[in-house]
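Naming: A, B, ... by sequence-line order, numbering from 1 per chain.
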Amino acid sequence: MADPIHQFELKTIATVGHIGNMPLVLTQSSVYMIGAVIAITLFVLLGTSGRRLVPTRLQSMVELSYEFVAGTVRSSAGTEGMKFFPLVFSLFMFILILNLVGMVPYSFTVTSHIIITFALAAIVILTVIIYGFMAHGTHFLGLFVPSGVPAWLLPLMVAIEVISFVSRPISLSVRLFANMLAGHIALKIFAGFVPALLAAGAWGLLAPLPLALTIALTALEMLVAVLQAYVFATLTSIYLNDALHPGH
Amino acid sequence: MNEKPKPENQGGAPKAPGDSELSARLEKLGQRLDQVRGPSGSAQPEHRTRADNSGLAKAFRLSAEFVSGPIAGGLIGWGADKLLNTKPWGLMSFLMLGFLAGIYNVMRTSGFLKKPEA
């Protein structure tokens, strides 16, 4: 049967140079990411170049994605949070495009690698920390002191709040990575059952069952691909809201 | 290419409608935009969160929230042990604190704790 993990293997396309002993390598993952950035840039630039009052189809798509992300940011971080709109929009589009491209058969899913999702989550959390300290100074540390807690419980609560804060980039990255990885493995395994059953003589009569399941899973994975991009954007805005208003 | 005031041109016959009239129209348009945006600005995300609360999405979200707690605690404890040479104690205590943080995360995410900002 086909190896379900094989699809996540990185393949070297070109070696760009060396940092110490580490080769600096252009993999198919980097190519997909560069392609996604170019595609998003073209999408937004072409969509907004016309600026019609009655939008064309492309412009309408760009406006819809703008309105969608802007609504997400406004509802989670308030109008003040709109200063982070470029960050959230870039993250949302980047993850959305990469997730959807990953659904194309034989393509590579960049977001199924935890180092990618963790880097994205680290960008978010570093933005929260740096902006929080820049805007509020040490007052930002008030984030870790919950209000309305008896004094004897406070040290424990502060420790838990700190760990909870450290766990944010982990949960943010693990959620996206695990969803994409598990979905694609499940898809591959069930699709692999079809040829395996067909090759097993009379068992071939059962082959339509995993095929139907594969089709259903594909629909589910499409939903998950969009949903996870949205969840990432929402949580980013919620965390950014903490940087804007650290006091509970 | 960069003719910005296209909407005015499409308005048609009265090319120069006078400043006061124009500003009045702009104000009216702004009011109507606010009207449109007001309900949809608040109602639309409400819809999305409800969609987000579908069983599967919620399960994925909560499990990630919980698992990340012990992982974060374990990492902190392991790092503290490495730095301070307190071999088993940091990992043990911070792992327990991590479990607490994970449960705390889940309670906060599921809306069990009513936080003012959440």
Evaluate the side-chain proximity of F177(A) to S112(A): yes if any heavy-atom separation is below 4.5 Å, no if none is.
-> no
Could you tell me whether the side chain of L240(A) reaches within less than 4.5 Å of the side chain of Y131(A), counting heavy atoms only?
-> no
Below 4.5 Å, heavy atoms only, C-beta onward: do V73(A) and F84(A) meet side chain to side chain?
-> no
Contacting region of F94(B) [heavy-atom separation from chain A under 4.5 Å] | both
Answer yes or no: is there a side-chain heavy-atom contact under 4.5 Å between H184(A) and M103(A)?
-> yes
Mind ranking L172(A), V166(A), L156(A) by heavy-atom pairs under 4.5 Å with chain B and telling me who comes out on top?
-> V166(A)
Tell me, side chain or backbone of L97(B) under 4.5 Å from chain A's heavy atoms, or both, or neither?
-> both
